[in-house]
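Here the structure is laid out as structure tokens; the discussion comes afterwards.
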Amino acid sequence: MSIADEAPRTGRVGYDGSRLGIGGLFLKTLLLSLVTLGLYNFWGRTQIRRAIWAAISVDGEPFEYTGTGTELFFGFLKAIAVLIGVGLPLAALIWLSLRTESDTGAQLAQLAFYLVLLALAVAAVYFATRYRLSRTQWRGIRFGLDGDAGRFILGSIGYSLLVLATLGICVPLLRTWQARTIVNNTRYGTVPFRMEAWGVTLIWPWIVAMLLTAPTLGIALVWYRVQEFRSWTSSISVAGVKLDSRLRLRDVLGPAILLSLITVVFFVALLLPTTFEWLEVWRTRMPRPGANLLSVAGIGIYVVLAPTINFIVLGHTVLKASCETLAIGGALDLVGQAAGAGPRLNAGSAAGR
């Protein structure tokens with residue numbers, strides 16, 4: 001009996017993606033991106049999203065991703081143009097302040113520079129989410145994200161400062177506020193979503209996870225993300241349809257442990273020679289050796305392969321368990337409510353910008 005069969009539901013969420021099939025798309029994207037100096041990444045990401053979206057279904061009806069690599073590429077160029085247009089004047093201001101030996105002016109310019117970078121990073125999250133939702137459809141009706149990006153940016157900066165002031169303790173407040181703001185501005189056609197989760201309920205689990213992450217090789221962080229996902233999902237409703245996540249750590253524990261062990265073994269194997277070299281230097285008081293090129297290259301390779309390894313080992317299982325343990329209560333008649341005014345798309349068509 002699968003996880004999905006443990007409890008009756010009005011709407012059934014499923015995931016039938018192929019671990020190796022989608023993992024192969026990650027690897028293909030990596031290899032072709034290296035060959036094309038990163039250019040293929042935009043088209044590769046599009047293929048991955050289409051495969052994952054199509055693997056997730058509600059009542060047997062799969063989702064569809066209609067975005068294109070060309071859209072992602074030109075969006076990237078726009079982001080670079082904005083970064084240059086905003087960053088260069090601030091960098092010039094910092095340079096002028098240093099030339100005039102104005103420490104206060106340089107510090108203020110640097111503070112402004114970092115705040116602008118933070119604002120641009122937060123804006124990128126919001127607009128990327130808006131783009132993905134606008135290119136996501138179910139039963140011919142697409143999703144959308146409304147709301148004010150400026151409010152999202154200011155709120156995120158405010159909560160980020162709170163996180164810094166509390167040495168990371170208030171991370172759940174930041175993440176939950178961001179998730180609640182996005183969900184409460186999300187719609188399916190014209191039917192709005194509603195999320196009522198509050199981050200304060202996750203502070204103690206987060207503190208426990210921070211304290212136990214290193215001793216448990218990251219498993220405590222996985223446990224926290226499961227708690228966070230359940231808290232968020234179980235507070236979401238849309239048109240009277242209530243969601244309820246029954247995800248448990250045991251559903252993803254095996255792959256999480258395996259991924260932790262792979263990471264630890266890989267890094268120990270790479271860093272062990274360097275560790276012995278430094279111990280020998282300390283013992284003999286000889287000059288410090290240069291960087292171990294083999295270790296540096298190995299770490300670089302692992303970082304590049306990390307998305308592929310993460311999906312094959314853990315990501316596939318997390319997606320499958322998250323979908324199959326998602327309970328939907330209430331009459332699932334979103335199409336009837338959204339079809340009146342919500343934009344419908346033909347299968348396979350791409351939504352315009």
| request: Of all the heavy-atom pairs spanning Ala149 and Tyr126, show the shortest one and how long it is. | output: CB-CD2, 3.7 Å

| said: Test of understanding: with side-chain hydrogen bond (donor to acceptor under 3.5 Å, both in side chains), list the residues that count as partners of Gln178, not counting sequence neighbours. | reply: Ser156

| Residue list, ring-ring contact (aromatic ring centres under 6.0 Å, His included) with Phe229, at least two apart or on another chain | none

| query | Does atom OH of Tyr114 have more than 12 heavy-atom neighbours from other groups under 6.0 Å away? | reply | no

| field | Side-chain H-bond candidate by donor/acceptor type, Thr46 with Tyr65, under 3.5 Å | value | no

| With sequence neighbours left out, which residue pairs that include part of residues 253-270 fulfil the salt bridge (charged side-chain N to carboxylate O under 4.0 Å, His left out) condition? | none

| request: Tell me whether Val303 is reachable from Ile312 by hopping between hydrophobic residues (I, L, V, M, F, W, Y) whose side-chain heavy atoms are closer than 4.5 Å. | output: no

| task | Taking the side chain as every heavy atom from C-beta outward, state whether Tyr188 and Arg139 have any atom pair closer than 4.5 Å. | result | yes

| query | Closest heavy-atom contact between Pro62 and Ala54? | reply | CB-O, 3.4 Å

| said: Count I, L, V, M, F, W, Y as connected when their side-chain heavy atoms are under 4.5 Å apart, and connections chain through other members. Are Trp223 and Ile169 then in the same cluster? | reply: yes

| request: Find out whether Thr263 and Tyr302 are in side-chain contact, i.e. whether some heavy atom of one side chain is under 4.5 Å from a heavy atom of the other. | output: yes

| query | Relative to each other, are the rings of Phe42 and Phe76 parallel, tilted or perpendicular (30° and 60° limits)? | reply | tilted

| Of all residues at least two apart in sequence or in a different chain, which pass the ring-ring contact (aromatic ring centres under 6.0 Å, His included) check with Trp177? | Phe152, Tyr159

| Considering residues at least two apart in sequence or located in another chain, which fulfil the side-chain hydrogen bond (donor to acceptor under 3.5 Å, both in side chains) criterion with Trp232? | Thr176

| remark: Scanning both residues in full, the closest heavy-atom pair of Gly147 with Arg130 reads O-NH2, 3.3 Å

| message | Using 0.5 Å steps for rounding, measure from the CG atom of Leu31 to the OG1 atom of Thr36. | response | 10.5 Å

| said: Taking ring-ring contact (aromatic ring centres under 6.0 Å, His included) as the definition, give me every residue that meets it alongside Trp206, ordered by chain and number, with sequence neighbours left out. | reply: Tyr224

| field | Heavy-atom check, side chain of Thr129 versus side chain of Arg132, under 4.5 Å | value | yes

| In terms of ring plane angle, is the pair His316 and Phe311 parallel, tilted or perpendicular, where the classes change at 30° and 60°? | perpendicular

| said: Do Arg135 and Thr68 make a side-chain contact, defined as non-hydrogen atoms from C-beta onward lying under 4.5 Å apart? | reply: no

| task | Could you list all the salt bridge (charged side-chain N to carboxylate O under 4.0 Å, His left out) pairs where at least one residue sits in residues 151-160, not counting sequence neighbours? | result | none

| query | For the residue pair Ser245 and Ser234, what are the closest heavy atoms and their distance? | reply | N-OG, 3.2 Å

| query | Below 4.5 Å, heavy atoms only, C-beta onward: do Arg49 and Leu72 meet side chain to side chain? | reply | yes

| Between CG on residue Leu243 and OG1 on residue Thr233, distance to nearest 0.5 Å | 7.0 Å

| field | Atom CZ of Arg225 with >12 non-hydrogen neighbours under 6.0 angstrom | value | no

| hydrophobic_cluster_shared for Ile141 and Leu133, side chain cutoff 4.5 Å | yes

| task | Output yes when a side-chain donor or acceptor of Asp59 lies under 3.5 Å from a complementary backbone atom of Arg12, and no otherwise. | result | yes

| said: Which residues pass the side chain to side chain contact (heavy atoms under 4.5 Å, CB included) test with Val200, not counting sequence neighbours? | reply: Leu173, Trp198, Ile203

| remark: Heavy-atom closest pair (Ala51 atom, Leu25 atom, distance to 0.1 Å) is CB-CD1, 3.7 Å

| said: Within the 4.5 Å heavy-atom criterion, are Phe26 and Ile309 side-chain neighbours or not? | reply: no

| field | Separation between CG of Asn185 and CZ of Arg180, rounded to the nearest 0.5 Å | value | 11.5 Å

| request: With the side chain counted from C-beta on, respond yes when Leu27 and Leu305 share a heavy-atom pair under 4.5 Å apart, and no when they do not. | output: yes

| Atom pair CG (Asn184) and CG (Leu145), whose distance is rounded to the nearest 0.5 Å | 10.5 Å

| remark: Leu37 meets the side chain to side chain contact (heavy atoms under 4.5 Å, CB included) criterion, sequence neighbours left out, with none

| message | Within this structure, what is the CG-OG distance for the pair Leu202 and Ser231, rounded to the nearest 0.5 Å? | response | 4.5 Å

| remark: Exactly one of Ile219, Val222, Ile257 clears side chain to side chain contact (heavy atoms under 4.5 Å, CB included) with Val252, and that residue is Val222

| task | Would you check if Leu174 and Leu162 make a side-chain contact, meaning some heavy-atom pair closer than 4.5 Å? | result | no

| said: So, using side chain to side chain contact (heavy atoms under 4.5 Å, CB included) as the criterion, who are the partners of Thr29 when residues are at least two apart? | reply: Ser33, Tyr40, Asn41, Ile48

| message | With clusters defined by side-chain heavy atoms of hydrophobic residues (ILVMFWY) lying less than 4.5 Å apart, directly or transitively, does Leu212 cluster with Leu261? | response | yes

| field | Exam field: side chain Asp148 to backbone Gly150, donor-acceptor pair closer than 3.5 Å | value | yes

| query | Looking only at atom types and distance, does a side-chain atom of Ser134 sit under 3.5 Å from a main-chain N or O of Tyr131, one as donor and one as acceptor? | reply | yes

| query | Among the clusters formed by ILVMFWY side chains lying less than 4.5 Å apart, do Leu247 and Val208 turn up in the same one? | reply | yes

| task | Quick one: closest heavy-atom pair of Val226 and Leu249, and the distance? | result | CG1-N, 4.0 Å

| said: Holding to side chain to side chain contact (heavy atoms under 4.5 Å, CB included), I want the full list of residues that pass it with Arg248, two or more places apart in sequence or in another chain. | reply: Arg230, Arg246, Arg250, Asp251

| message | As an exercise, state the distance from CG of Leu259 to CG of Leu314, rounded to the nearest 0.5 Å. | response | 5.5 Å

| remark: side-chain hydrogen bond (donor to acceptor under 3.5 Å, both in side chains) filter on Arg175, not counting sequence neighbours, yields Glu228

